[in-house]
Number of protein chains: 2
Amino acid sequence: MISVGGSVSIGATMDGPQTVKSPSSSVGDYLKAIWELSEEGAASTKDVADRLSISSSSVSNMFVRLREMGLAEYERYRGITLTEAGRLEALRLLRRHRLIETFLLECLGYSWDEVHEEAERLEHSVSDVYTERLAEFLGHPEHDPHGDPIPGKDGTLKPDDSFPLAEATAGQRLRVFRVGPEDAPTLAVLEGSGLLPGKVLTVREVRALDGLVTVEGEDGKTHTLGGPLADTVFVRSASGGG
Amino acid sequence: MISVGGSVSIGATMDGPQTVKSPSSSVGDYLKAIWELSEEGAASTKDVADRLSISSSSVSNMFVRLREMGLAEYERYRGITLTEAGRLEALRLLRRHRLIETFLLECLGYSWDEVHEEAERLEHSVSDVYTERLAEFLGHPEHDPHGDPIPGKDGTLKPDDSFPLAEATAGQRLRVFRVGPEDAPTLAVLEGSGLLPGKVLTVREVRALDGLVTVEGEDGKTHTLGGPLADTVFVRSASGGG
DNA sequence: GTTGAATTTTAGGGATGGCTAAGGGTATAT
DNA sequence: ATATACCCTTAGCCATCCCTAAAATTCAAC
Ligand SMILES: [Mn+2]
Ligand SMILES: [Mn+2]
Ligand SMILES: [Mn+2]
Ligand SMILES: [Mn+2]
């Protein structure tokens, strides 16, 4: 199926025929960052540097190494894109990350904004066996607590048909599907407004002038969000189960 | 309470006043190995090297670094012992390790011999918060699946009053409390003989000549163990709950 | 088309934590 | 007391992955 860059073997010397050494946590986080950024074409050095809070020169260095490992295609000054091998590795990590977040929230009583940081470390330490047994333990969830889809074992990812609340129109009955950023302050505000994934709401007003969105929750309370915040809340028509 | 080597801060430069940077996974594994070996005084370079499958020269190097970090006392050619700070760090890891093993076995359906390897990695990635929430989730267990006591949050460790099956005498009714090694083949044999922690057995014969021990399980089946194996199974009088 | 700002790369350096090879130290048996 | 086997340390090396400072490139505005 893949014929891009050969195998993912990393060690310089010949190791076994099928040995796929799993990348270090650094490499893994780079792959995830590039994957997340590459919806709009190649990812730039600066984008990745900003996202990972690492200097541009370090990123530039790593780009060369990712190319040498067969995980990415990269040309000087031209940005980077993942190979099929790199994409699969990124999705493997994403699957772990989102399953772990689900476990932390549902089983260990983590709060909404604590889960991401812990998952960011654990995703690199758990084995494939652990991941699949955890998935089973959790009942094979399809979305993480933020509403993001959990990639399948084989790297499949459900297409996302949600849209930002900012683009809704008054009168629509919608279900919160996913929230964008995962920083604590944002999550705290959203939680206060009852805008966590799964919640159903009715749009009362979308004011074109300044983008203010007013919604009414199922409890009848109304909340108003500024445009930027309404851009980070993704919704779908309130029909299917969340 | 401690006045041995000062704080555990590791970075060379001044960081916060109370900053206790948690050791890398390498350092942590060294501390655990030294702790486990130091029941008989100072741990030697070779003992640690063998246990961690690392070259002696690397170990020698690390001993110097552990001393500089205030985690151990060490003199050239004289072996190494942990400071109070080092001991607490080792027990902190041991607590994590054993809680994680319990979780893997009880919740994720890991087999007896799979748990150790996974825990050996995860112990370095989980946070204090994770550890304590996991302990709560598991109902604050006091022993891991191998029967080893789980250290308390504060580094307390229950004294171990078990003894090797090899030192039992015929007629005794005993409860398996703990098994020593954690390699897959040994555990497989023990599992086949129904000698996992918690099982109750009656000693039928202990042959002084070659150390052969014959026991009868609660199901009436008898099993015979060679001396070396009987040395690795630790038992207690079968009275209290396991 | 030149220029200037932003981005990217290169050069050089540091911490961690492995390794092998070679040289010292210790202890035991003779 | 000395030989010798084993253990321990030193020296020198490499890989990973981060950094700062300086040089190179790109791109857009003029
Ligand atoms: Mn996350
Ligand atoms: Mn991560
Ligand atoms: Mn274990
Ligand atoms: Mn470990």
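Here is how names work: the chains are called A, B, and so on, in the same order as the sequence lines, proteins then strands, and each is numbered from 1. Values reported hereafter were calculated over all heavy atoms of this structure, with side chains retained and with hydrogens, waters and symmetry mates removed.
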Find the distance [X]:[atom1] to [N]:[atom2] and express it as a whole number of Å.
X       : N      : atom1 : atom2 : result
A/Arg65 : D/dC17 : CZ    : P     : 4 Å
A/Leu66 : D/dT16 : CG    : P     : 12 Å
B/Met62 : C/dC19 : CE    : P     : 11 Å
A/Arg76 : D/dC27 : CZ    : P     : 14 Å
A/Glu68 : D/dT16 : CD    : P     : 10 Å
A/Phe63 : C/dT9  : CZ    : P     : 8 Å
B/Ile80 : D/dC7  : CD1   : P     : 18 Å
A/Glu75 : D/dT25 : CD    : P     : 15 Å

Do [Y] and [X] meet the salt-bridge criterion of a basic N to acidic O distance under 4.0 Å?
X        : Y        : result
A/Glu123 : A/Arg98  : no
B/Lys153 : B/Asp128 : no
A/Lys46  : A/Asp50  : yes

- [ ] Return yes if a side-chain donor-acceptor contact under 3.5 Å exists between B/Ser44 and B/Asp47, otherwise no.
- [x]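 Yes, B/Asp47 and B/Ser44 have a side-chain donor paired with an acceptor closer than 3.5 Å.
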- [ ] Side chain of B/Arg78 only, please: which of C/dT9, C/dA27, D/dC8 is the nearest?
- [x] C/dA27
- [ ] Count the heavy atoms belonging to other residues, nucleotides or ligands that lie under 6.0 Å from CD of B/Glu120, then report whether that count exceeds 12.
- [x] yes
Task: Atom CD of A/Glu36: over 12 foreign heavy atoms under 6.0 Å - done: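 More than 12 heavy atoms, drawn from other residues, nucleotides or ligands, come within 6.0 Å of this atom.
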- [ ] Check salt bridge (charged side-chain N to carboxylate O under 4.0 Å, His left out) between B/Glu40 and all other residues, then give those that pass, not counting sequence neighbours.
- [x] none
Task: Centroid-centroid distance, B/Tyr130 to B/Phe137, less than 6.0 Å - done: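 Ring-ring flag for B/Tyr130/B/Phe137: false, centres at least 6.0 Å apart.
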TODO: Within residues 29-54 of chain A, find the residues that approach DNA chain C with a heavy atom at under 4.0 Å, and present them sorted by residue number.
DONE: A/Ser44, A/Thr45, A/Lys46
Task: Flag side-chain contact, heavy atom, 4.5 Å: A/His124 against A/Leu93 - done: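 Counting from C-beta outward, A/His124 and A/Leu93 do come under 4.5 Å.
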Identify the pairs formed between an N or O of the protein and an N or O of nucleotides 20-24 of chain C at a distance under 3.5 Å, and give each distance.
from	atom 1	to	atom 2	distance (Å)
C/dT20	O4	B/Ser57	OG	2.6

